[in-house]
2 protein chains.
Amino acid sequence: MVNSRFSVAIHILSLIATTSDKSLLTSDFIAGSVNTNPVVVRRMIGVLKKAGLLSSHTGMAGYELLVEPKDLTLLAIYQAIDGPEQLFAIHDEPNPACAVGQKIQHTLEGVYTSVWLAMEEQLQAQTLQDVLDQLRA
Amino acid sequence: MVNSRFSVAIHILSLIATTSDKSLLTSDFIAGSVNTNPVVVRRMIGVLKKAGLLSSHTGMAGYELLVEPKDLTLLAIYQAIDGPEQLFAIHDEPNPACAVGQKIQHTLEGVYTSVWLAMEEQLQAQTLQDVLDQLRA
DNA sequence: CCTGTTGTAACTATTATAGTTACAGGTGCA
DNA sequence: TGCACCTGTAACTATAATAGTTACAACAGG
């Protein structure tokens, strides 16, 4: 099980997308919905902002999306948070004197790449708008 | 990034599958190839044994696969290790008084399920034999 | 009986994640 | 101008997962 940052990021972006009164959108308000600490929210928002997904201004309430929900794929959100993440860790320094140890890392990389590509395809196929539609349903 | 247990498990199973002289197969020998502690190996083997993938006998060197490499999918290995794992964590107790908070968990579960199914398909499509072939190549 | 092995419990170390406190500095309004 | 409220960020703590280690009981086979 991986961390919950992806879930929190989607929650935050959904909240920003669905709240029309921007003056309500403070880190404190968002933290109340996510049920966490305002600083955790501001930290996450800083990451999403750096990735160009939203804007904010010091000292002023109100966050705004910079990408239309229908154009914002979950993959873009995922990448904003975790960067070019690797799915599974590979144990380092297996014994190079062993036939298996020598090639296992490269082999596993191939295996994990195919798994990751399948995942990526799914994340690419879903947008924030899809999430919003399901939230409304 | 997830832990390296999946990688270690595949390494161990590959080693067992490719070592014909079973008397060499001690937890110490395997640990030397993986580059970890013998106890870590024995612990992992205990899990794989419990899942019915291999056999061992107290006090006696030599592990043996109970499933043919061509019939042993990576999914089976994955499930042996992590059980019915969830891919991404979902933050708990989002605010039920909020429209987003109220439905986000269920929505995210749907999203993550679709991602997991794609992953599962990939893991199901590859067997230990495929790994062995790549190790030999 | 002795050596080497497995199976396990118990402890420590390391790291990632999340939560918290604190505060500098911006914003806008009375 | 002063004040209340906000963001951005650093620094620290708490918790939990993972891996590594030590220790030892029990078994196998010469």
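Residue numbers begin at 1 in each chain, while the letters A, B, ... track the order of the sequences.
To the nearest angstrom, P of dA19(D) lies 13 Å from CD1 of Ile90(A). The CD1 atom of Ile30(A) sits 15 Å away from the P atom of dG19(C) (whole-angstrom rounding). The nearest whole Å value for the distance from the CD1 atom in Ile45(B) to the C1' atom in dT6(C) is 10 Å. Rounded to whole angstrom, the span from the CG atom of Asp92(A) across to the P atom of dT14(C) amounts to 15 Å. A straight line from CE of Met44(A) to P of dG19(C) spans 11 Å, rounded to a whole angstrom. One atom, CG of Leu25(B), and another, C1' of dA28(D), lie 17 Å apart when rounded to the nearest Å. Rounded to an integer number of Å, the gap from CG of Leu48(A) to C1' of dT7(D) is 15 Å. Across the protein-nucleic acid pair, Leu24(B) atom CG and dT5(C) atom P stand 11 Å apart, rounded to whole Å.
Under the 3.5 Å distance criterion, the side-chain polar atoms of Thr127(A) are matched with a main-chain donor or acceptor of Gln129(A). No donor-acceptor pair under 3.5 Å is formed between the side chain of Lys50(A) and the backbone N or O of Ala80(A).
Cluster membership for Val67(B) and Leu74(B), using ILVMFWY side-chain heavy atoms within less than 4.5 angstrom, is shared. In terms of hydrophobic clustering, with Ile, Leu, Val, Met, Phe, Trp and Tyr side chains grouped at heavy-atom distances under 4.5 Å, Ile77(B) and Val40(B) are assigned to different clusters. Met60(B) and Ile30(B) are members of different hydrophobic clusters when ILVMFWY side chains are connected at heavy-atom separations under 4.5 Å. In the hydrophobic clustering of this structure, Leu25(B) does not group with Val47(B); members are Ile, Leu, Val, Met, Phe, Trp, Tyr whose side-chain heavy atoms approach within less than 4.5 Å, directly or through other members.
Within residues 5-23 of chain B, the residues having any heavy atom under 4.0 Å from DNA chain D are, by residue number, Arg5(B).
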Protein heavy-atom contacts under 4.0 Å, written 5' to 3' over nucleotides 20-30 of chain C as B (base), S (sugar-phosphate only) or - (none), form the string BBB--BBSS--

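Residue Phe29(B) is classed as having no contact, given no heavy-atom separation below 4.0 Å to the nucleic acid.
Put simply, OG on Ser7(B) and CD1 on Ile90(A) are 5.0 Å apart, with the number rounded to the nearest 0.5 Å. Atom OG1 of residue Thr107(A) and atom OH of residue Tyr112(A) lie 10.5 Å apart, to the nearest 0.5 angstrom.
Proximity of Asn3(A) to the phosphate of dA16(C): no side-chain N or O atom is located under 4.0 Å from OP1 or OP2. Within the structure, a side-chain polar atom (N or O) of Ser56(A) is placed less than 4.0 Å from OP1 or OP2 of dG8(D). For dG7(C), the OP1/OP2 oxygens have a side-chain nitrogen or oxygen of Lys49(B) closer than 4.0 Å.
Residue Ser4(A) places its side chain closer to dA18(C) than to any other of dA19(D), dA18(C), dG7(C).
Taking the six-membered ring where tryptophan is involved, the planes of Tyr78(A) and Phe6(A) are perpendicular, since the angle between them exceeds 60° and thus also 30°.
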